[in-house]
Q: 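This structure is in structure tokens; I'll ask about it shortly.
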Amino acid sequence: MNEKKAFIRSVGRFVPERRLTNQDLEKMVDTTDEWIFTRTGIRERRILEPGLGNSYMACRAARECLERAGVEAGEIDAIIVGTVTPDMLFPSTACLVQSALEAKRAWGFDLSAGCSGFIFSLVNGAQMIESGRHEKVLVIGSDVMSTIVDYEDRNTCVLFGDAAGAVLLEPCPEPGYGILDYIHRIDGAGGEYLHMKAGGSRRPASMETVQNKEHFVYQEGRQVFKHAVTEMAGVSVEIMKRNGLEGKDIAFFVPHQANLRIIGASAERMGIESSKVVINVDRFANTTAATIPLCLYDVTVEEKRVKKSDYVVLSAFGAGFTWGSVLLRWWE
Ligand code: COA
């Protein structure tokens, strides 16, 4: 087995200044703070100033991440951006970030996996390090959900926010630490429950698609909820089991932040007590690919709660369907 594992050397984030609270939404659609909070756990979300685009947020998060590590952009070997809201279909957000950061040596690409975008990107980045061909890989999760959400549709507009998070991966100096294991899955049959109807090659943008509001998130919430609970908990339990770990051994469970009830059900099945579950859905809502790095930022940078040797489980579920779980043993 290859002993060269990747570890998360540093974390950065960007959250836009503008807050959109549940009370603000009460004035926009037929909803209440009480409904939103009891169904989802969300109190407010952040909204990016129009016109800035995904790469703006991704770069802000990346810069903070690099500064924290004391690493120059010119040292980066690769950039992976997990997103479903790129600045444009092409060039990729990774190219725009590479150019803005002046990361002259880097190659990279965008990865589309909905709310699993960050963990899928993280594992790709880790494997680049494990291959021995890369020393510094920047992994970013960034989404401007406000640009694809219909603020006249109460079913979806209350759920999402904008943000970006970035991590720098490097080879772990000590065996037994870093990104140890992952289980990732997809099931395209779930696509019918969560997708964007137009804007791709099958149904390009037209007057009709705009009038029909086909460029917004389409979601059948109940179906997504049902699958998310089963699948996210399933892989999280599986990854613990196959590594000989129980709930008591895990220091932090970092789940995708879509809904407090999905998170609670997963933690319960994993046997993880609530104090170890990282939550920020109340402050930022569902920021798609950014939720997990934002949570990592909370526990590492803001609260400094993660210690060397801590086992951390990251888990996500998203459009596709996509889902997965990553096991880390913290090294710093
Ligand atoms: N305010 C008030 N009422 C609302 C509302 C809102 N913002 N949004 C929906 N409702 C209504 C619905 O119209 C429905 O009314 P009806 O029964 O008269 O038809 C009722 O509330 C219940 O809707 P339902 O969809 O059953 O609620 P729910 O308990 O499943 O919660 C979600 C809805 C969206 C919060 C929940 O399904 C969910 O979180 N799903 C997963 C979403 C997700 O994770 N997506 C991202 C991919 S990871």
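The residues of the chain are indexed from 1 along the displayed sequence. All ligand and atom numbering here is 1-based and tracks the order in the structure.
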Q: Name all pairs fulfilling the ring-ring contact (aromatic ring centres under 6.0 Å, His included) condition that reach into residues 8-31, sequence neighbours left out, sorted by first residue then second.
A: Phe14-Tyr56
Q: Using side-chain hydrogen bond (donor to acceptor under 3.5 Å, both in side chains) as the criterion, list what pairs up with Ser275, not counting sequence neighbours.
A: Glu273
Q: Do side-chain atoms of Arg45 reach the backbone of Asn286 as a donor and acceptor pair under 3.5 angstrom?
A: no
Q: Can you tell me which residue pairs pass the salt bridge (charged side-chain N to carboxylate O under 4.0 Å, His left out) test with a partner in residues 14-26, sequence neighbours excluded?
A: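 Qualifying pairs, neighbours excluded: Arg19-Glu44.
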Q: Given ring pair (Phe, Tyr, Trp, His ring centres under 6.0 Å), test Phe317 with His227 step by step and report yes or no.
A: CA-CA 9 Å; Phe317 182 90; His227 286 87; 7.0 Å; no
Q: Checking the side chain of Asn54 only, and the main-chain atoms of Thr85 only, is there a donor and an acceptor separated by less than 3.5 Å?
A: yes
Q: In order of chain and number, which residues sit within 4.0 Å of ligand 1 by heavy atom?
A: Asp30, Thr31, Trp35, Arg39, Thr40, Cys115, Arg154, Asn155, Val158, Leu159, Leu194, Gln219, Gly221, Arg222, Val224, Phe225, His256, Ala258, Asn259, Arg261, Ile262, Asn286, Phe317
